[in-house]
Visitor: 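For reference, the structure I am asking about is given below.
Indexing begins at 1, ligand by ligand and atom by atom, following the structure's order. Values below: every heavy atom of this structure, side chains too, minus hydrogens, waters and symmetry copies.
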Amino acid sequence: MKTALDALKKSNIFKDQSILSFDYVPEELPGREKEIDSLARLFRPVIYNRMSQTALITGPVGSGKTAVVKRFCQILEDAGLENRRRIESVHVNCRNRKSESMVLLSILTHFDQRFPDRGFSIPEMIEILKKHLKRKECHLVIVLDEVDVLLKRSGSDLVYAFTRVQEEDPELLGSISLILVSQKGVVQLLDRASLSTFKRTNVIEFGKYDRDVLKAIVDQRIELAFYHGIVEEGVSDLIAEMAEEYGDARFAIELLEKSGMVAEEQGSSTVGPEHTRWAKAEVKPFVFEETIHQLNVHEQIMLLAASRLLKNSAYCSTGELELEYQALCEQISRKPLGHTQFWQYMKEMDAFGLISTKRSGKGTVGNTTLITIRDVPVAELIEYLERTLLH
Ligand SMILES: Nc1ncnc2c1ncn2[C@@H]1O[C@H](COP(=O)(O)OP(=O)(O)O)[C@@H](O)[C@H]1O
Ligand SMILES: [Mg+2]
């Protein structure tokens, strides 16, 4: 009992731990000043010339895409306010809102929190959106984050519909801007009609963060989230060094939070490099996430099937994998691939390094191909893939 009570006591280390959560968006974003500037220049005509704009932001995991867009939308809304241009924004994460109607729904609930979550077709919802825009006389910036998930699943009709709304109704001219956010370029996912609209789209590419910027990002969070002087010199350097390989700010911030938690658990009154080393052993950069993201749905199902089979054993056979894969397909109402294609995909995943295959030795099983997953705890894959596929 004593330890549980101790753990509930106010922290002597964290001043405000919520600052280390992924939703928190700091006012200043070190290392992204130029990108915010580019966005501002692109969107200037929205404020002063009542025009609309489209932009595409690409970059790897943890490169600050979501944070930058969120911060930029706040800045844009404020600037609009100062210039009598009413600007509002909605941020939709398409990974969580998988269908077109769910994306539209979250846009409509921005205007009407009680909007029913079923019963309206997509064209009806677009009409309702138009009414809101006219009534409020506002300019709406729609951010479609992780838009590749939506495009892969449903094509680009919805994205196209947003641009058409304004072309068809003169009253709505210049009333919707779009910011698409994706890890990779999305041009190949757009159909021809949208492509012509998006050919002119302004692309801003975010690179990986280098060590200096990662250190600045970590220093900023130390300042905001910890009591003064609690985090020792050198911790942010060490974290920056550990995260540099991935250039991922999310990983760096997670390491910082974990360092603080380890220090707390160990009853230390300061956070030092040794706590960070302990933290590193626990926090895994999810480099796979980026790769998994690129997989098509059958490859993802296959990976989930393999992960499930490997939960309690080191290897499974391709035959077992194919059966598990088929069962999963049935569960999510997808037609499974035929045997030849299944093999083809499996080889590609091997080449990707997601799974590894080897021929079994001459034993009782005969000469079959065995599969394993080497580099990630399968529980992590299961959690991630179930979230992506089964919801
Ligand atoms: N330049 C930055 N300054 C401060 N924090 C940042 C910066 N870039 C990213 N972060 C933080 O790192 C985490 C991951 O960033 P995020 O915007 O979610 O990356 P992405 O969307 O590219 O995967 C978030 O907690 C975010 O607030
Ligand atoms: Mg993001």
Side-chain angles (χ1 to χ4, degrees), residues 14 16-40 55-75 89-98 103 106 142-151 179-186 203-226 231 236 239-240 242-260 279 283-294 384 387-388:
F14 295 110
D16 183 356
Q17 203 168 340
S18 70
I19 293 208
L20 301 168
S21 81
F22 296 140
D23 304 332
Y24 176 80
V25 180
E27 243 172 73
E28 302 282 330
L29 294 158
R32 285 291 177 240
E33 297 84 359
K34 262 208 235 132
E35 287 75 3
I36 293 181
D37 217 51
S38 309
L39 276 169
L56 167 64
I57 294 179
T58 63
V61 176
S63 59
K65 302 182 296 296
T66 301
V68 163
V69 177
K70 283 191 170 161
R71 182 69 192 114
F72 174 69
C73 285
Q74 292 167 350
I75 296 173
S89 64
V90 277
H91 193 110
V92 188
N93 186 318
C94 302
R95 194 195 291 275
N96 304 333
R97 316 261 163 190
K98 289 220 179 90
V103 169
S106 57
I142 301 176
V143 180
L144 298 176
D145 204 338
E146 318 230 26
V147 69
D148 47 323
V149 179
L150 175 76
L151 295 175
I179 302 182
L180 309 182
V181 182
S182 168
Q183 278 180 48
K184 291 269 160 70
V186 288
V203 182
I204 302 180
E205 277 184 52
F206 286 24
K208 286 185 173 175
Y209 286 125
D210 66 21
R211 196 195 293 196
D212 291 341
V213 175
L214 288 167
K215 178 173 154 47
I217 291 171
V218 172
D219 280 334
Q220 179 196 50
R221 301 287 167 130
I222 290 177
E223 181 80 27
L224 295 169
F226 290 81
V231 183
S236 61
I239 291 178
M242 288 169 173
E244 186 182 21
E245 183 185 341
Y246 312 101
D248 177 351
R250 185 181 324 210
F251 181 49
I253 294 169
E254 220 174 319
L255 279 175
L256 176 65
E257 179 173 28
K258 198 78 196 172
S259 305
V283 181
K284 299 238 165 12
F286 206 156
V287 276
F288 264 36
E289 198 168 320
E290 198 173 341
T291 322
I292 291 172
H293 203 68
Q294 314 293 325
Y384 180 80
R387 216 174 342 119
T388 320

Visitor: So do the side chains of Val68 and Lys70 get within less than 4.5 Å of each other, counting heavy atoms only?
Guide: no

Visitor: Could you check whether any side-chain heavy atom of Glu35 comes within less than 4.5 Å of a side-chain heavy atom of Phe72, counting everything from C-beta outward?
Guide: no

Visitor: Measure from the side-chain N and O atoms of Arg221 to the backbone N and O of Ile19, and report whether any donor-acceptor pair falls under 3.5 Å.
Guide: yes

Visitor: What does the list of residues with a heavy atom under 4.0 Å from ligand 1 look like, ordered by chain and number?
Guide: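 Within 4.0 Å of ligand 1, the protein residues are Phe22, Tyr24, Pro26, Leu29, Pro30, Arg32, Pro60, Val61, Gly62, Ser63, Gly64, Lys65, Thr66, Ala67, Tyr209, Ile217, Gln220, Arg221, Ala249, Arg250, Ile253.
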
Visitor: From the Mg ion (ligand 2) out to just under 2.8 Å, does an N/O/S atom of Asn93 turn up?
Guide: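 No, Asn93 does not qualify, because none of its backbone or side-chain N, O or S atoms lies under 2.8 Å.
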
Visitor: Report yes or no: does Glu244 contribute a side-chain atom to a donor-acceptor pair with the main-chain N or O of Met242 at less than 3.5 Å?
Guide: no

Visitor: Answer whether the closest heavy-atom distance between the side chains of Gln183 and Lys65 falls below 4.5 Å.
Guide: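 When only atoms from C-beta onward are counted, Lys65 and Gln183 do touch, with a gap below 4.5 Å.
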
Visitor: Is the number of heavy atoms from other residues, nucleotides or ligands within 6.0 Å of CD (Glu27) greater than 12?
Guide: no

